[in-house]
Amino acid sequence: MAAANVTPMVQQYMAVKQEHQNELLFFRLGDFYEMFFDDAITASRELNLTLTKRSNGMEHMPMCGVPYHSVDGYIAKLIKKGYRIAICEQVEDPKLAKGIVERKVIKIITPGTALNEQLLEDKHNRYLVFLQQDQEKGMCLAAADVTTGECEWFLDQTSESFLNITEQLYRLQPAELVVHFTSEKMREKLQEWLAARLPECVVTHYDESTPEADYFTQHFAGSEVPDEVHSTVELLLRYLHGTVMADLSHINRLVRIERNSFMNLDVTAIRNLELVRNMTDGSKRGTLLQVLDFTNTSMGARRLRSWIESPLLDVGRIYERQEAVAELAAAAELREAIVAQLKAVADLERIVSRIEVGSANARDLVALRNSLSVLPGLKGILEGCGSGLLRKLWKGLHLHEELAARLQQAIVDEPPFSVREGGMIRTGYNQELDELHLIAADNKTWMQNFEQKIKEETGIKTMKVGFNKVFGYYIEVSKGQSSSVPPYFVRKQTLVNAERYIVPELKEFENKILGAKEKIEQLEYYLFDELRTLIRGKIKEIQETARAVSYIDVLTGLAEAAYKYNYVRPELNNNGDIKIVD
């Protein structure tokens, strides 16, 4: 039906949907996200929602909806089923809107860009991989985990490029693969491989209509890579910016996947050795990872998994790790002290990612604050360590004491989930906010004090201060006393036996009390956003700290495993000799 025959709201919906035909469109209407037409039919089927119909100028318009405050659970279910979701928000205050409220898509959620807690596994990365193939230039892979900020690349221009690329894909286990191929035959070959080896990975074919940009320089200024890598990483970043629609400055470190530095384990070896997944149900049970995993942080668990899947070949680097593990294995008290600190550290990588993309709440800031507060203790414990790697990690731990102190001053210990409803900023952090809270909490006391003050100023002992919904706050003076009111009293209402007045101070209080709750919410969100901006300026340092913590966690965990299982430290050589005694 022509758009002219429908209501303005449906016209607006149809215009947005026209731009997002590959996504399910979650369209914000008040306290609900609504879906219409085919999207409603799909969502009602997949989410078991009631499908209703609405006229809105059109006959038989299917629709269904979900409450905005519980939308994450519904989104998680759809993402697990491989759907893409466009979130269309109200981008202006409905009270200020002239006509229909302006709405626009603020992000597109795909399996590889989801930041939803219900989808993420603490001990697993969630990679989005961009794969580019050219018949002349081989194959290039760029992988990013938006939830941690990690980004890496792999280029293969040999006759074995397909085999080597698929080995990397199996290791990364991406949630989503974006493909840009020139060869149809190679595309079909890849699809067959994915169906057999990574059946849950969602495949997206790259749309070349994406606008030109230079995201590579924005994220990785100074990084020198081959042209094919530059092109693939640029396309990956374009895809990320086009979906997440945020600055993404936490993706700032580009790492090459080096086959020469690590033992090249093919798909069959990773699977049959049951390094990180068993062959029975795909879980961690009974794997090498389960045997060695004594980590205490999510960051450390992900690091250990990465180390197991990519064993080092460099004897010097292996020796460096061995020295650190040996020192920790020989000192039970040192291990216990480190573990006590690590247990208080939250997932710093994912917290800063949520802060960067704007999905963090005040509870994330509390988790960040609590994590930062243990760093001085952890650094103090490591100060006396002698091994080279532990000394390096000791130096790499930034303390962030000023930021931790600021967050301590600002955020209450148990803030609400929503950042839009107030209640997250501590008393004493902002004078204006404290005044608003006092007004909102104790307006009766203020009125009693004001009444007493005004009686003393005027000498009219029988006057009273009151409020009604029609006229607001007023000072009531009996007719017999009205001649005694001072000139600054402004008459507001005349009654049979009394006159009602207003004065500037009372009018100012009225404006404050009536708007106090709304102002509290607005000011708290402003102060929260100020803190978020402050943290965003320190993301690189926090990421460096997170990496150091993850290494410390893995090394301490491996030392615990060595102690518990009575492991012996092997002496390594480059001669190709293997000598096992007893």
Side-chain angles (χ1 to χ4, degrees), residues 138 141 143 150 152-161 163-172 223-226 229 253-276 287-289 291-295 300 302-331 382 385-396 547-548 550-582:
L141 168 159
E150 292 164 84
E152 47 195 20
W153 63 269
F154 179 78
L155 174 66
D156 196 295
Q157 296 173 308
T158 69
S159 59
E160 297 289 308
S161 62
L163 175 65
N164 294 332
I165 284 282
T166 51
E167 283 173 2
Q168 295 303 327
L169 286 176
Y170 191 77
R171 182 182 65 81
L172 293 165
S223 294
E224 292 185 11
V225 295
V229 175
R253 186 169 172 262
L254 186 60
V255 177
R256 180 183 180 182
I257 299 170
E258 295 186 67
R259 297 185 77 212
N260 297 335
S261 300
F262 303 99
M263 187 182 293
N264 182 38
L265 299 171
D266 63 20
V267 172
T268 308
I270 290 174
R271 185 170 172 271
N272 292 347
L273 290 172
E274 296 188 306
L275 298 179
V276 295
T287 62
L288 177 62
L289 177 61
V291 171
L292 295 180
D293 192 357
F294 287 88
T295 57
R302 292 193 294 271
R303 179 77 58 196
L304 174 63
R305 184 189 180 99
S306 168
W307 282 13
I308 289 172
E309 290 177 325
S310 305
L312 288 173
L313 291 178
D314 184 325
V315 172
R317 288 179 66 190
I318 294 170
Y319 180 80
E320 190 180 50
R321 284 185 189 174
Q322 284 184 328
E323 283 282 281
V325 172
E327 182 174 0
L328 292 165
L382 291 168
C385 290
S387 67
L389 184 52
L390 289 176
R391 295 297 298 168
K392 237 186 265 182
L393 294 170
W394 172 76
K395 286 180 184 172
R547 275 193 291 277
S550 74
Y551 274 70
I552 293 161
D553 191 16
V554 175
L555 294 168
T556 307
L558 290 174
E560 186 63 34
Y563 173 78
K564 184 174 181 179
Y565 303 131
N566 199 27
Y567 287 157
V568 173
R569 176 183 173 181
E571 292 179 24
L572 301 179
N573 63 73
N574 284 319
N575 306 326
D577 301 331
I578 298 178
K579 184 179 178 186
I580 300 171
V581 180
D582 292 335

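Worth saying up front: this structure is predicted, and the values here are computed from it rather than measured.
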**Report entry** L393 side chain reached by L555 side chain, heavy atoms, under 4.5 Å
**Finding:** yes
Query raised in the report: Counting only heavy atoms not in D582, do more than 12 sit closer than 6.0 Å to its CG atom?
Result: no
Query raised in the report: Looking only at heavy atoms, which two atoms of R171 and S310 are closest? And how far apart?
Result: CD-OG, 3.6 Å
**Report entry** Closest heavy-atom pair and its distance - W153, V225
**Finding:** NE1-CG1, 3.9 Å
Query raised in the report: Is there side-chain contact between E152 and Q168, with at least one heavy-atom pair below 4.5 Å?
Result: no
Query raised in the report: Looking at L389 and A324, what are the two nearest heavy atoms and their distance?
Result: CB-CB, 4.2 Å
Query raised in the report: Of all heavy-atom pairs between V554 and L304, which one has the smallest distance, and what is that distance?
Result: CG2-N, 3.7 Å
Report summary line: For S161 and D156, the nearest pair of non-hydrogen atoms, with its separation, is CA-OD1, 3.2 Å
Query - Short N-O contact, R569 and E323, less than 4.0 angstrom - result: yes
Report summary line: Across all chains, not counting sequence neighbours, the ring-ring contact (aromatic ring centres under 6.0 Å, His included) partners of Y319 are none
Query raised in the report: Taking atom CG of N272 as the centre, does the number of heavy atoms from other residues, nucleotides or ligands within less than 6.0 Å exceed 12?
Result: yes
Query raised in the report: Side-chain contact, heavy-atom cut-off 4.5 Å: F294 with K564?
Result: yes
**Report entry** side-chain contact (heavy atoms from CB on, under 4.5 Å) partners for S550, two or more places apart
**Finding:** M299, R303
Query raised in the report: Which heavy atom in L172 sits nearest to a heavy atom in A143, and how many Å separate them?
Result: CD1-CB, 3.9 Å
